[in-house]
Number of protein chains: 2
Amino acid sequence: MKKRNVTINEVARAAGVSISTVSRIINGSAFVAEDKREAVETALKDLGFQPNYLARTLISGKSMSIGVIAEDIVSPYFADVIRGIEHHLLDTDYQPILNSGHWSSPYEQRAIETLIYRKVDAMILLGSTLPDEKLREIGERIPLFVFGRSVPGMEERCLVLDQFKGGYIATRHLIELGHRDIVHVTGPENHQDAQERLRGYQTALEESGLTFNPQLVLHGDFLERTAYMATLKLIESLSSFTAIFAANDQMAAGARLALYRKGLRIPEDVSLVGYDDLPGTAFMSPPLTTVHQPTYDIGQALGRHVLRVLRDEESPMPDFDLTLVVRESTSRLHRGYRV
Amino acid sequence: MKKRNVTINEVARAAGVSISTVSRIINGSAFVAEDKREAVETALKDLGFQPNYLARTLISGKSMSIGVIAEDIVSPYFADVIRGIEHHLLDTDYQPILNSGHWSSPYEQRAIETLIYRKVDAMILLGSTLPDEKLREIGERIPLFVFGRSVPGMEERCLVLDQFKGGYIATRHLIELGHRDIVHVTGPENHQDAQERLRGYQTALEESGLTFNPQLVLHGDFLERTAYMATLKLIESLSSFTAIFAANDQMAAGARLALYRKGLRIPEDVSLVGYDDLPGTAFMSPPLTTVHQPTYDIGQALGRHVLRVLRDEESPMPDFDLTLVVRESTSRLHRGYRV
DNA sequence: TTGTATGCGTTATCAT
DNA sequence: ATGATAACGCATACAA
């Protein structure tokens, strides 16, 4: 089963030329006489020559690969960014190498070391749990790019979206529909994005002269279950509210189930807004109003940007906007009604 | 930014020994006098030596990496298998290298070539659109393992679940609840798994003396939209049915939306069964009854199996069972009621 | 235009 | 036990 790989040497012998000539033809690095070129090319075909990646990379110093580390590959959110990166790289000679950080600093650290060890030419972090200091350190060792996290001192290598704005427009939408008692289910307290979304929520409220009610802020962790339980408890506490803004779609699903259990209809009784616009939310019942993050486009742009930087080309970090996708989970407040 | 990497040579010089000695210590391949060992170890630390993966792999012929190609990384179904593989490999010296086939033979082919070029020690295909012949051919070049597809001639390298059984138990569940007119939304016609699930559905029907009604078979493609539209059309055609079995969870969501639009309640009016038990289906409203595929465990077992085979250890391909997870989207047929 | 020789950073094979 | 040195497969500076 293990056929010995044919080397450039054998090709040279078969074609009756030197290995340099073969190498030149493969890489197009110099002109070669037509007759020799033909001889070599047929030899290449006949023997089914495949250059050895390791030898090539060892000498050239370029591995033609980009390391990508996502907190979690399972998360559809990151997966879509990855898809964008992959898709851009498909048209290039570069190859992405994926790895997971598993939402844990030690794992992430290890994943990073592994990729550096594998000599990736650059690295993209999709989220990160490592301290700023550590990231700056890694940035000294290898061209590093970070999505979803702003690291002081390397801002030009970070792509962050305006999550404050996201929280703001989501809440604003609800207010414009006449809602006054708006619940917010937050993400993890130590998560930058979650903090920003909460700030956006709070600001939208205050701008409209609504008082910020801490009782309507439910502490979540981006997962369905916590949001489900918190919402259930809120309903049982008889707090009055007519709308919920969840800091991500998964928690929106959790909240939605709690409402369902209690016989509350969406959007007739309660309006619901999510965040992320995951694939599938368009097919929730009813389809979810949510803040769209252009993850696929971000991935593509990120891929392009990284390659440009690697080629020393001028390339500003791309910029993206969040938009609200209004579907059917929100509606105008029915006067006088409250939960 | 580009610090020159320290090599084994510099370490040797710093410790006052030869490179062979250093190599021996790094690899523990032979005994070394205690004093030299200490000298080398401090030099190793002081200089922050990191072995060069490329050079190492070039000579040893082992890249310590496993290529994994999924049809689509975005699909939560495959992502969970990947997570399992990753998790098992985490405790070993092996490293997974991921790639996507993008549900397209040319892309898949290219991804495979790329990974072979990168000298992965083995390759795992999570689904495949390539013809059997092609897969056998690749299996000649590199240790190849396939999940979700049975390839004639290399059965012992393929891990397949009994999708027939899955379709069977899903349908059977519905029948036991008293349903007679059961719709099936299929996957792509040329997809092995989809065919098997359909067969399971059909067999369960026939075994119970129910006639197979082709009109109740909706042709889907594993995506929400198609299932949504087909279900909508079915309802509008006034066909009578009281239950739906969708060949995957995504299509179940599509069907569910169609029912919602038409004011049909689940499970009071129509019972619904999905397939895959994706993360999130437990938080659909209502939580979805679905066929559970132990994807994470499969990934782990697959990783372990591959490594064993690589070490020439005896290792039968692991075997897994499908189970039905009964949640709240199915209920006993209300006598006399039909859509 | 073409060939020879050297180097990339290791491990493996010899001697000693 | 240790040190030279060959070898891995390729690219490239230099010589011709």
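Here is how names work: the chains are called A, B, and so on, in the same order as the sequence lines, proteins then strands, and each is numbered from 1. Just so it is clear, the values below take in all heavy atoms, side chains as well, and ignore hydrogens, waters and symmetry mates.
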Mind grabbing the angle between the end helix axes of the helix from dT1(C)-dA16(D) to dT16(C)-dA1(D)? Five pairs an end, 10° rounding. 50°
What residues, two or more places apart in sequence or in another chain, satisfy ring pair (Phe, Tyr, Trp, His ring centres under 6.0 Å) together with [X]?
{"X": "Phe147(A)", "value": "none"}
{"X": "Tyr117(A)", "value": "Tyr53(B)"}
{"X": "Tyr94(A)", "value": "none"}
{"X": "Tyr77(B)", "value": "none"}

Restricting to side chain to side chain contact (heavy atoms under 4.5 Å, CB included), what partner residues turn up for [X], sequence neighbours left out?
{"X": "Ala14(A)", "result": "Ala43(A), Leu47(A)"}
{"X": "Ala30(A)", "result": "Arg24(A)"}
{"X": "Ser60(B)", "result": "Lys62(B)"}

Could you identify which residues of residues 46-56 of chain B place a heavy atom less than 4.0 Å from some atom of DNA chain C, listed by residue number, or say none?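 Per residue number, the list reads Phe49(B), Gln50(B), Pro51(B), Asn52(B), Ala55(B), Arg56(B).
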When you check every protein heavy atom under 4.0 Å of nucleotides 2-7 of chain C, what one-letter string (B, S, -) results, 5' to 3'? BBBB-B
Return the set of residues passing salt bridge (charged side-chain N to carboxylate O under 4.0 Å, His left out) with Arg149(B) (not counting sequence neighbours), or none when no residue passes. Asp132(B)
Which residue pairs pass the ring-ring contact (aromatic ring centres under 6.0 Å, His included) test when at least one of the two sits in residues 16-45 of chain B, sequence neighbours left out? none
Less than 4.0 angstrom between a side-chain N/O of Ser23(B) and OP1 or OP2 of dT11(C), yes or no? yes
